[in-house]
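Reading through the structure tokens given below for one structure.
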Amino acid sequence: MSDAGDFDDYLKTLGRLTSHVDPTASTPEAERITTATGSLGELLDTDVAGLAAWARDHPADVPVLGLAVGLSQEKLKNVLRDRFGTTGWHGVARTQPVDLVTWLDTEFDLVRMLRTQLERTYTFADILVARAGSRVTATRAGASGRRIEDEIESIAQDLGLDYTTRSRFTGRNGRTAPADLIIGDPDTADIVVAAKGFDSTGSKLTDAVREIEEMAEVRLPRQLVLAVIDGIGWKSRQSDLRRIHQLWADRQIDGMYTLVSLDRFREDVREFATLRRLI
């Protein structure tokens, strides 16, 4: 394994994981919302009875009602679970449409808010304000976190290694820690890898640091611990990134890579796997 290099040099290798998305370009999600709002606009009466009939006939479009009162899909799922004991709006809309719409109206003022928004004329400023908080065009956001995982899994496959993804491995004193790639049996893991890619910033980056620190803490001397980290989100959380880099400098983990250094990652994994007769 190579020694930890300069932190600033590592920082320079971080790159964007997701490409820019044209906010004016259509997406499948945007098309679905457009179609759903079109059918809402055709309702003769946007009252509880009319909206209940609409929800029954368009169960897949219930999230549009949520958006009308400021509920994202995730928030809609949470409140549905609390009220109806399920996150599946399809089933609730088909079997309890009146109860669903009545509840949305009572709790979130659905009828009034929907009528107000359907009748309003929107300005360019309104579009930008909505876009600032909208995730309609951000369909690739979730893919950024999986890109690194996919890359390191592909390397494990190419090397012919037995592996497990997104699980926990057993280390010192029977303690376990999370890992995004585990080479070998998780109970007797040989190589464990953290894959942490973020183009945006937030608490998930700090959580990622804690996971890697946990990996370092429970590792056995015979276990190789590696981290593949990328994404421009880390540039806004350099203190968190430094904590991981320090683990590498202190030899608590054995390697730290970005996507541009995956060739070195592949070689380090291949070398260790050969020594352990895994390949």
**Message:** Show, in sequence, the C-alpha distance, side-chain angles and deciding distance for Asp268 and Tyr257, and conclude whether the side-chain hydrogen bond (donor to acceptor under 3.5 Å, both in side chains) test is met.
**Reply:** CA-CA 11 Å; Asp268 288 345; Tyr257 315 82; 2.7 Å; yes

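- For the residue pair Val62 and Ala55, the shortest heavy atom distance occurs at CG2-CB, 4.4 Å.
- Two different hydrophobic clusters hold Val260 and Ile148 under the rule that ILVMFWY side chains link at heavy-atom gaps under 4.5 Å.
- Distance alone, capped at 3.5 Å, is enough to place a donor-acceptor pair between the Asp230 side chain and the Gly15 backbone.
- Judged purely by atom type and a 3.5 angstrom limit, Ser167 has no side-chain atom pairing as donor or acceptor with the backbone of Thr164.
- Scanning for side chain to side chain contact (heavy atoms under 4.5 Å, CB included) contacts around Ser72 gives Glu74, Lys75, with sequence neighbours left out.
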**Request:** Apply the test side-chain hydrogen bond (donor to acceptor under 3.5 Å, both in side chains) to residues Thr87 and Arg81: give CA-CA distance (whole Å), side-chain angles for both, the deciding distance (0.1 Å), then the verdict.
**Result:** CA-CA 5 Å; Thr87 60; Arg81 182 189 291 111; 4.8 Å; no

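- With hydrogens and angles disregarded, a donor-acceptor distance shorter than 3.5 Å links the side chain of Asp185 to the backbone of Asp187.
- Looking only at distances, a side-chain donor or acceptor of Gln223 sits under 3.5 Å from a matching main-chain atom of Leu220.
- Proximity of Val69 to Asp109: side-chain heavy atoms (C-beta onward) are nowhere separated by under 4.5 Å.
- Here the closest non-hydrogen pair linking Trp89 and Ala60 is NE1-O, 3.8 Å.
- No donor-acceptor pair under 3.5 Å is formed between the side chain of Asp61 and the backbone N or O of Val64.
- With hydrogens and angles disregarded, no donor-acceptor distance shorter than 3.5 Å links the side chain of Glu119 to the backbone of Thr116.
- Ile279 and Val193 fall within a single hydrophobic cluster, where Ile, Leu, Val, Met, Phe, Trp and Tyr side chains are chained together by heavy-atom contacts under 4.5 Å.
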**Request:** Step by step, work out the side chain to side chain contact (heavy atoms under 4.5 Å, CB included) result for Leu80 and Leu100.
**Result:** CA-CA 9 Å; Leu80 282 173; Leu100 172 63; 3.8 Å; yes

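- Atom CG in Leu118 sits 6.5 Å away from atom OG1 in Thr46 (nearest 0.5 Å).
- Nearest heavy-atom pair, Phe169 versus Ala189, reported as atom, atom and distance to 0.1 Å: CB-CB, 4.0 Å.
- Between Arg94 and Arg56 the shortest side-chain heavy-atom distance does not fall below 4.5 Å.
- Within a 6.0 Å radius of CG in Asp162, other residues, nucleotides and ligands contribute 12 heavy atoms or fewer.
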**Message:** Is there a salt bridge (Lys or Arg N to Asp or Glu O under 4.0 Å) between Asp180 and Arg166? Walk through the geometry before answering.
**Reply:** CA-CA 4 Å; Asp180 296 300; Arg166 293 175 291 282; over 6 Å; no

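- Summarising the geometry, atom CD1 belonging to Ile229 is positioned 11.5 Å from atom CG belonging to Leu259; distances are rounded to the nearest 0.5 Å.
- With a 4.5 Å cut-off on side-chain heavy atoms, Ile152 and Gln157 do not count as touching.
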**Residue pair Arg264, Glu267: steps toward the salt bridge (Lys or Arg N to Asp or Glu O under 4.0 Å) verdict** = CA-CA 5 Å; Arg264 181 160 56 84; Glu267 183 57 28; over 6 Å; no

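- Between Trp54 and His58, the two ring planes are parallel [angle under 30°; tilted spans 30° to 60°].
- For Asp199 (side chain) and Gly231 (main-chain N/O), no donor-acceptor pair under 3.5 Å exists by modelled atom type.
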**Item:** CA sep, side-chain torsions, deciding dist, call: Leu65, Leu40, side chain to side chain contact (heavy atoms under 4.5 Å, CB included)
**Value:** CA-CA 10 Å; Leu65 298 181; Leu40 275 173; 4.2 Å; yes

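- Within a 6.0 Å sphere centred on CZ of Arg222, other residues, nucleotides and ligands contribute more than 12 heavy atoms.
- Residue Asp190 comes nearest to Gly184 through the heavy atom pair OD2-CA, 4.2 Å, listed as atom of the first residue, atom of the second, then distance.
- Scanning both residues, Ala156 and Leu181, for their nearest heavy atoms gives CB-CD2, 4.3 Å.
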**Request:** Determine, stepwise, if the pair Leu241 / Met256 fulfils side chain to side chain contact (heavy atoms under 4.5 Å, CB included).
**Result:** CA-CA 11 Å; Leu241 189 63; Met256 187 173 171; 3.7 Å; yes

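- The shortest non-hydrogen separation linking Thr13 to Tyr10 is OG1-O, 2.6 Å.
- The shortest distance between side-chain heavy atoms of Met215 and Ile253 does not fall below 4.5 Å.
- Of the possible polar contacts, one joining the Thr106 side chain to the Thr102 backbone as a donor-acceptor pair under 3.5 Å is found.
- Atom CG in Leu224 sits 10.0 Å away from atom CG in Leu275 (nearest 0.5 Å).
- Aromatic pair Trp103/Phe84: ring centres closer than 6.0 Å.
- Hydrophobic clustering (side-chain heavy atoms under 4.5 Å, transitive across Ile, Leu, Val, Met, Phe, Trp, Tyr) keeps Ile232 apart from Trp234.
- For the pair Arg83/Val79, no side-chain contact is recorded, criterion being any heavy-atom separation below 4.5 Å from C-beta on.
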**Request:** Go through the steps for Val218 and Thr176 under the test side chain to side chain contact (heavy atoms under 4.5 Å, CB included), then give the verdict.
**Result:** CA-CA 7 Å; Val218 309; Thr176 67; over 6 Å; no

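- Remark: Leu11 CG to Arg242 CZ distance equals 8.0 Å, nearest 0.5 Å.
- In this structure the side chain of Leu226 never reaches within 4.5 angstrom of the side chain of Val192, judged on heavy atoms.
- Ion pair Arg270/Asp158 not flagged as a salt bridge, since none of the NZ, NE, NH1 or NH2 atoms sits closer than 4.0 Å to an Asp/Glu carboxylate oxygen.
- By the 4.5 Å heavy-atom criterion applied to side chains, Phe198 and Arg237 are not counted as neighbours.
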**Message:** Run Glu214 and Arg168 through salt bridge (Lys or Arg N to Asp or Glu O under 4.0 Å) and show every step you take.
**Reply:** CA-CA 11 Å; Glu214 188 178 355; Arg168 298 183 71 88; 3.2 Å; yes

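- By the 4.5 Å heavy-atom criterion applied to side chains, Arg266 and Leu262 are not counted as neighbours.
- Between the CG atom in Leu159 and the CD1 atom in Ile183 there is a gap of 7.5 Å [rounded to 0.5 Å].
- Taking 4.0 Å as the cut-off between side-chain N and carboxylate O, Arg175 and Glu217 count as a salt-bridged pair.
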**Request:** Go through Asp240 and Lys196 one step at a time and tell me if the salt bridge (Lys or Arg N to Asp or Glu O under 4.0 Å) criterion holds.
**Result:** CA-CA 12 Å; Asp240 286 330; Lys196 305 301 177 185; over 6 Å; no

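- Taking NZ from Lys12 and NZ from Lys235, the interatomic distance works out to 10.5 Å, rounded to the nearest 0.5 Å.
- By the rule that hydrophobic residues join a cluster once side-chain heavy atoms approach within less than 4.5 Å of another member, Leu104 and Leu43 end up as members of one cluster.
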